[in-house]
Every structure is written in C-alpha cells, then in structure tokens.
Amino acid sequence: MTVPDKFVYPVMKAMFCLPLVHNKEVRGCVYLHQRESRTCVPQFPHYLSNIFIIPELKGTTLVDLSQSQIKSHNWNRRSMIRHSQSLAQPQSFHEVSFVDEEGRTMTARGPVVQELVRHGLQQLPARFLRDAPPPALVDHRELESMALIDMAKLSPEADPSSRAEELRRLAASAESWGMFFVTGHGVPLPLMASLAEVLKAFFMLSLEEKRASVGSYKDIDNLGYGRSFVKSEDQKLDWVDRLAMRVHPNQDSLGLRLWPQTPVDFRPVVEKYVEAARRDCDILLQALPEALMLERQSFLEQFQPCSELIVNVRNNYYPPCPCPSSSVGLSPHTDASAVTVLAQFDGVQGLEVLRRGRWVRAPAPEGALLVVAGDLLEIMSNGRVASPWHRAMPSADRERFSVALFYNPPPRAEIGPVVGGGSGAKPVYRKVVVEDYVKNSYTFFNAGEKTPIKYAKIEAN
Ligand SMILES: O=C(O)CCC(=O)C(=O)O
Ligand SMILES: [Fe+2]
C-alpha cells in the first residue's frame, strides 16, 4: 500500500517514506531522511514511532512526538491531531539577502531557530545537522594564559611598574591567543545588566512583534533580524538567530530604520554600551602596539577619519538545542573586524577557540569583556596578533545570549602592517582597502581555516 502524495509534507528531502498502517487503514506516513536516521536519530524503530503524518490533516502536517511526550501526556488520537495542528503552523523563515559573486542581490531562506524550539521540536532538522563537530577540551591550566587584563592599569596615570607588567601580559595573551579578557573597562555592571535585559526582552517578543519592531534591511548583506551567512537553501545552518545592526556611522542616511522599536529602551541602552566599549577599543588600540614595542599611535591612526569608522553590533541568541553534539551555534570563522568586543551573559559559556589543533572553551567571567583580534588587526600587527579561529556551540538546556561589537576603520581606509623600526622584520601582509577586505572575506564564510586572510598575505617568494 502506498501513501498518496497529498499526505506528504515536503519538509525535507526525504530519502523514502513508509505508510503507517493500522487496522488496514493508512494512518499516516513516516519520513526517513538518510542523514538523520544515521546520526541524530539513534534507532530506526524509535524514529518510526516518532513521526506521523495524519491523513485527516490533508497531508500538510508533520507531527513530531517523542515517546515520552506521548506517554507523559497520555495522548490519544484526537489530542495528537490537535497537537499536530498547533505544530502545523506554516514554518517560519528568516529571509536573508546577500550579494552573489556577480554582484546581484539574492534572497535565501532559513528557519527561525527560536520558532522551531517554541513549537516543541524534539529532533534537529536536517539543515542543522552537522557531521559531529570536534568537541572542545577544557584545560584550565592552559586557559590561565588567556589573560584577564585590568584596563585601569593601562592608564598613563597608573603606577609605572604595574602598568609595564600589564602591558607585558597584554602582549603575551594577544600574541598567544589573539584574545584576552578585560576588566576595569568603561562598561559598568549595571549597564551590562541593562544590555542583557533589553536583549532578552527583544528576543522574547513573538516573531510578529520582532518583525514589526525592526525595519527592513533587504539590500544590506548580513544586517537585520534573521541569520547571517546564508547563501543558498541547501546550505547547513547555524543554531542561532541574530539581530545585527550598524551603529556607526548613523545609518539614517541610508533610509534604514535600524533600531528595534520594542523594547523602547533598546536603543538608548545599546548606544550607551557602544559608546563605552568604543572608548575601550581606542584605549586598547593604543596599548596593543605599545605592548608590542611598536609606535603607540600606529594602529589607531589607521582609523582616520574616525567620523567614518564602522561599528557593527551582532546580538546572538542561541536557544537550547535538541542535539548539541551534532550542531554548531556559529560556524568556525575569524572576524573580519579590526577588534571585536564580546559580551557574554549569566556565565553561560559557548565560545570556543582553536589552539594548537584543539578546540578550547573560553570562560564567561561575570562583568569581563572578551576582546578578540580580527583579521584587520592581524594585518596591522604584521601577523604578531593572529585573529583566532573561533566558533560558538549551543547547549542542550541553556539558552545563551552574546553581543559582538565589531570595530573597523572607515571602509575606504587603506590599512597595512606596522613593522617595528629596528626589528629588521619584513611585511608579511600587503596593504588592503578595508571594504575590499571585508567584501572578500564574506565570500569565504564556511571555507577552510583562516582562508579569508590569505587575500592579504604576501606570497613567500
Ligand atoms: O557568541 C559568541 O560567543 C561568538 C560570537 C561571534 O563569534 C561573532 O558574532 O562573530
Ligand atoms: Fe566571531
């Protein structure tokens, strides 16, 4: 007996489907997706009992019920149908605009992760299913060398010997990890708490409210409420929803309504945060070359004119994930920025960095900000501070929020390596125009380790 086509809901590319027959009546059908049945769904019979398509629903509904759900709710056929109807809402998608290789603006779709979770998803949809990513190792001794820098000690008024020691630690962590934590920064704890609050308030709105709250970014690559780096409808997806905004220069000139209108204090809080974090970036962009024994202004002077420098903010939301060991929150990448400031909240970890061939999970110390070197800083420092290859991983039972602030020189600025006067070192990178570098790096998302920076490397001859 075959299942009529009208009972088949094309959720994913099914390898085959089986009828569910009871008392000689077709009760539904089961999809088997080859990858899923192999990886995330451990046993075939278990899978079989999990997914029904019920004919009464005219072949438009996929019902995904776990055994335990059926047992604990003591579900009967009627309540299953009711439940399936609630799941049968048209699936919600983010629409993503991107510029293809020929410069055309294209659109692709990807499911809204938060909505999948809200509808009681039990198993990871195939588009999120990865070949099990290598797990991270937590080596606390190793992590101790990722410095916690007290920015108060970097101030010119600080005690000279503790300042020299802090600069030494800064150089060591930057050169060894490409990242370091800062305390004593300009973002007071209550402001961090308000940032977390507005972020959560935004993501906790209903999908319709979120959409109504944020304006359209249709023609702008990787900005807006949705997801980043979707270039096709076949591509594997990250387990994240995000709200990405340009916060400097003010984008009113582009006619974009950039800021969420709800919650009403979203904009003032984020602007206050950005202002403080930007000041910290400027301080660090002077301290870093000093720590590396380079001319103190040699990085920051590449950010002129500062009225045109670019600050983007990406608010990431990683909902709890039904199969975290076979998914990725944010695919491995380097940031195309000069400097990224990452705020993590509630001590929820998730950021991992590749170091000497092993993934290492970064801590999330309360009140500290994580400063991550971007590719442009790697170029400016002539490779001494290498942008770390990093990723974010979701968890089974905890949601995670993070705010990444990307600090960049003006798009038309030409930046290049600073090579120590008497060091005899040769430039390893060529000069690049910032917007050309960033555009180029976007074309490489999900390519191999540290592919984008090759664009700026001088080939050894
Ligand atoms: O959420 C995180 O910890 C990482 C975020 C990140 O790497 C990014 O937004 O570029
Ligand atoms: Fe990143």
Side-chain angles (χ1 to χ4, degrees), residues 113-114 133 136 138 143 146 177-181 192 195-196 199-200 203 221-230 237-247 270 273-274 277 281 310-321 324 327-355 359-366 368-378 385-395 398-408 437-438 441-442 444-447 449-453:
V113 176
Q114 198 180 351
V138 181
L143 276 174
M146 192 194 293
W177 287 90
M179 57 202 245
F180 49 87
F181 285 97
M192 281 288 273
L195 183 64
L199 201 59
K200 290 175 190 177
F203 280 104
D221 225 359
N222 284 316
L223 287 181
Y225 168 58
R227 52 174 52 258
S228 304
F229 306 111
V230 178
L237 296 174
D238 291 343
W239 190 258
V240 64
D241 291 328
R242 61 96 175 104
L243 171 64
M245 300 170 307
R246 175 149 300 171
V247 292
V270 174
Y273 170 74
V274 169
C281 287
I310 300 283
V311 183
N312 287 336
V313 167
R314 186 156 68 218
N315 306 286
N316 301 304
Y317 175 43
Y318 309 92
C321 176
S327 58
V328 175
L330 200 55
S331 293
H333 65 283
T334 53
D335 295 341
S337 59
V339 172
T340 303
V341 177
L342 186 77
Q344 307 180 86
F345 304 97
D346 309 319
V348 185
Q349 301 177 357
L351 179 78
E352 296 180 353
V353 56
L354 191 69
R355 184 172 146 92
W359 287 100
V360 178
R361 175 159 286 210
E366 206 201 332
L369 295 169
L370 182 59
V371 180
V372 181
D375 291 347
L376 300 179
L377 188 68
E378 177 166 332
V385 180
S387 57
W389 189 243
H390 60 283
R391 67 183 187 186
M393 301 302 275
S395 112
R398 294 202 72 174
E399 58 183 12
R400 178 166 181 268
F401 296 87
S402 71
V403 176
L405 180 152
F406 304 101
Y407 199 55
N408 275 7
Y437 185 84
V438 172
S441 87
Y442 276 2
F444 285 119
F445 199 78
N446 261 345
E449 189 183 333
K450 301 268 297 182
T451 304
I453 194 93

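Remember, predicted model here, so these are calculated numbers, not experimental data. Both counts, for ligands and for their atoms, begin at 1 and track the order of listing.
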Please identify each residue that fulfils side chain to side chain donor-acceptor pair (under 3.5 Å) with E378, with sequence neighbours left out.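 Side chain to side chain donor-acceptor pair (under 3.5 Å) check on E378 returns S387, Y429, K450.
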
Residue-level breakdown please: for [X] versus ligand 1, do any non-hydrogen atoms fall below 4.0 Å on the side chain, on the backbone, on both, or on neither?
X    : value
R400 : side chain
L342 : side chain
F406 : side chain
D335 : side chain

Would you mind finding which of R314, Q349, E352 brings a heavy atom closest to atom 9 (O) of ligand 1?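 Ranked by closest heavy atom to atom 9 (O) of ligand 1, first place is R314.
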
Would you mind listing which atoms of ligand 1 come within a distance below 4.0 Å of any non-hydrogen atom of S402?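 Heavy-atom distances to S402 below 4.0 Å select 1 (O), 2 (C).
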
Nitrogen or oxygen of Q344 less than 3.5 angstrom from that of ligand 1: no

Less than 2.8 Å away from the Fe ion (ligand 2), how many protein N/O/S atoms can be counted, ignoring water? 3

May I have all residue pairs that pass salt bridge (Lys or Arg N to Asp or Glu O under 4.0 Å) and include part of residues 329-340, sequence neighbours excluded? none

Which residue, M179, E352, H333, forms the side chain to side chain contact (heavy atoms under 4.5 Å, CB included) with H390?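 Running side chain to side chain contact (heavy atoms under 4.5 Å, CB included) over M179, E352, H333 with H390 returns exactly one hit, H333.
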
Is the closest heavy-atom distance from H333 to ligand 1 below 4.0 Å? yes

Which residues pass the ring pair (Phe, Tyr, Trp, His ring centres under 6.0 Å) test with F345, not counting sequence neighbours?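 None.
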
Aromatic rings F203 and F401: how do their planes relate, parallel, tilted or perpendicular, breaks at 30° and 60°?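 Ring orientation, 0 to 90° scale: tilted.
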
For Y318, does its backbone N or O pair with a side-chain atom of R400 as donor and acceptor, under 3.5 Å? no

